[in-house]
Engineer: 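Structure provided below as structure tokens; questions to follow.
Letters A, B, ... are given to chains in the order of the sequence lines, protein chains preceding strands, and every chain is numbered from 1.
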Amino acid sequence: MPGLAAPLIAWYGQAARDLPWRREGFGAWGTLVSEFMLQQTPVARVIPHLEAWLTRWPTPSDLAASSPGDAVTQWANLGYPRRALWLHRAAVEIRDRHDGVVPREVEALLALTGIGDYTARAVAVFAYGDRHPVVDTNTRRVLARAVDGAAQPGPPHRRDLVAMAAELPDDVAEAAVVNAAAMELGAIVCTARSPKCELCPLAGQCAWRAAGYPESEDRRRKQATYEGSDRQARGAVLRVLRDAAPCPVQLVAVLPDWPDAAQRDRAIDSLVTDGLAEAFDGILRLPGHPAS
DNA sequence: GATCCGTGGCT
DNA sequence: TAGCCAAGGAT
């Protein structure tokens with residue numbers, strides 16, 4: 001097995017997209033915010049929100065000084081608003097534990113709210129230039145096809161980190177490029193549907209291609225139907241609160257015509273439980289500053 | 001380890 | 001058109 005590093009590096013040099021977080025000197029905070037936003041939200045939707053966010057809150061301490069509700073409002077329609085709450089908590093943790101500086105060590109990053117195996121290593125590698133395997137859904141698909149000969153990766157697993165580590169050159173800078181290149185290849189060439197194998201720098205050594213593109217059992221979990229779901233109800237309630245912000249709304253005025261009143265009330269309760277909303281005295285609002 | 005969590009574009 | 005999919009993480 002020749003290894004993926006050399007062709008990935010050469011390809012990335014001429015095919016990489018020009019993205020904001022790849023600009024020289026973008027900064028660790030910008031990288032961290034971008035990675036939060038990119039968790040399950042496509043690049044094209046993230047870019048304008050990222051720039052607005054960093055203009056409003058140029059440092060972790062700036063965000064930490066605002067209320068969680070302000071973060072949720074600024075998050076707008078990026079989806080999964082818990083990420084806004086977690087990003088705000090992470091900013092508070094960075095201010096309180098790390099003197100306002102995004103930490104560099106993976107262990108310290110993993111200890112922050114909302115940061116897991118992917119985001120911790122992405123920050124350590126792309127912001128600080130350290131050598132770790134960075135594995136996202138794109139990388140897992142590239143490895144599944146090129147190395148394992150499978151059409152689709154299995155569910156995410158810790159062993160994916162080991163598989164990617166085996167592909168990294170010893171050189172620190174080259175290792176970072178290989179991480180970025182594997183993600184980029186999965187994003188724009190080795191895509192989930194209709195991959196562009198004629199443009200792939202790994203075509204000559206791809207195990208899946210060599211095997212004749214066999215269908216493999218797709219063990220990924222299917223997403224639940226959104227229409228009519230509790231998630232849809234939560235999203236609708238939160239949209240009401242965002243649109244009214246910074247004003248609270250009367251509880252009785254929250255989606256009075258929602259088709260399933262019990263589901264609506266369940267959504268409100270779960271949002272309160274999650275810390276995305278506060279209810280008292282017959283009103284509902286986004287979370288304010290914690291009492292001090 | 002299985003489930004849950006938003007939103008919108010693409011095929 | 002209705003699913004499929006998207007730089008995951010917490011519980």
Engineer: Without hydrogens or angle criteria, can the side chains of A:Thr73 and A:Asp70 be said to hold a donor-acceptor pair below 3.5 Å?
Structural biologist: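 The criterion, which ignores hydrogens and geometry beyond distance, is not satisfied for A:Asp70 and A:Thr73.
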
Engineer: Heavy atoms under 4.0 Å, any strand shown: does A:Leu19 hit a base, just sugar-phosphate, or nothing?
Structural biologist: base

Engineer: For a quick check, with a 4.0 angstrom heavy-atom cut-off, what is the B/S/- contact string for nucleotides 2-11 of chain B, read 5' to 3'?
Structural biologist: -BBBBBS---

Engineer: Under 4.0 Å, heavy atoms only, any strand: does A:Trp21 hit a base, just the sugar-phosphate, or nothing?
Structural biologist: base

Engineer: Regarding A:Thr137, tell me which of base, sugar-phosphate or nothing describes its non-hydrogen contacts under 4.0 Å with the strands shown.
Structural biologist: sugar-phosphate

Engineer: How would you list all residue pairs meeting salt bridge (Lys or Arg N to Asp or Glu O under 4.0 Å) that involve residues 85-104 of chain A, not counting sequence neighbours?
Structural biologist: A:Glu93-A:Arg97, A:Arg104-A:Asp130

Engineer: First and last nucleotide of DNA chain C touching chain A, 5' to 3', heavy-atom cut-off 4.0 Å?
Structural biologist: C:dG3 to C:dA10

Engineer: What does A:Ala122 touch in the nucleic acid at a heavy-atom separation under 4.0 angstrom: a base, only the sugar-phosphate, or nothing?
Structural biologist: nothing

Engineer: Can you work out whether A:Lys222 or A:Arg17 has the more 5'-proximal nearest nucleotide on DNA chain C?
Structural biologist: A:Lys222

Engineer: Do you know the tightest heavy-atom contact between A:His98 and A:Ala108?
Structural biologist: CE1-CB, 4.0 Å

Engineer: Looking only at heavy atoms, which two atoms of A:Gln205 and A:Gly3 are closest? And how far apart?
Structural biologist: OE1-O, 2.9 Å

Engineer: Any donor-acceptor pair under 3.5 Å linking the side-chain atoms of A:Trp29 with those of A:Thr59?
Structural biologist: no

Engineer: Could you give the distance separating B:dA2 and C:dA7 at their P atoms, to the nearest angstrom?
Structural biologist: 23 Å

Engineer: Assign A:Thr225 to base, sugar-phosphate, or nothing according to its heavy-atom contacts below 4.0 angstrom with the strands shown.
Structural biologist: nothing

Engineer: Using a strict threshold of under 4.0 Å (side-chain N to carboxylate O), is an ion pair present between A:Asp230 and A:Arg234?
Structural biologist: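 Salt bridge flag = no for A:Asp230 with A:Arg234.
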
Engineer: For A:Trp75 and A:Trp53, run ring pair (Phe, Tyr, Trp, His ring centres under 6.0 Å): C-alpha distance rounded to whole Å, both residues' side-chain angles, the deciding distance at 0.1 Å, then the answer.
Structural biologist: CA-CA 8 Å; A:Trp75 196 257; A:Trp53 189 283; 5.8 Å; yes

Engineer: Mind checking if A:Arg141 touches a base, just sugar-phosphate, or nothing, with heavy atoms under 4.0 Å?
Structural biologist: sugar-phosphate

Engineer: What I want to find out is whether A:Glu184 reaches A:Arg22 closely enough, with some N-O distance under 4.0 Å, to be called a salt bridge.
Structural biologist: yes

Engineer: Go through it in stages, so that I can follow the logic: the residues are A:Tyr213 and A:Trp208, the test is ring pair (Phe, Tyr, Trp, His ring centres under 6.0 Å), and I'd like the CA-CA distance, side-chain angles, deciding distance and then a yes or no.
Structural biologist: CA-CA 5 Å; A:Tyr213 301 119; A:Trp208 185 46; 4.8 Å; yes

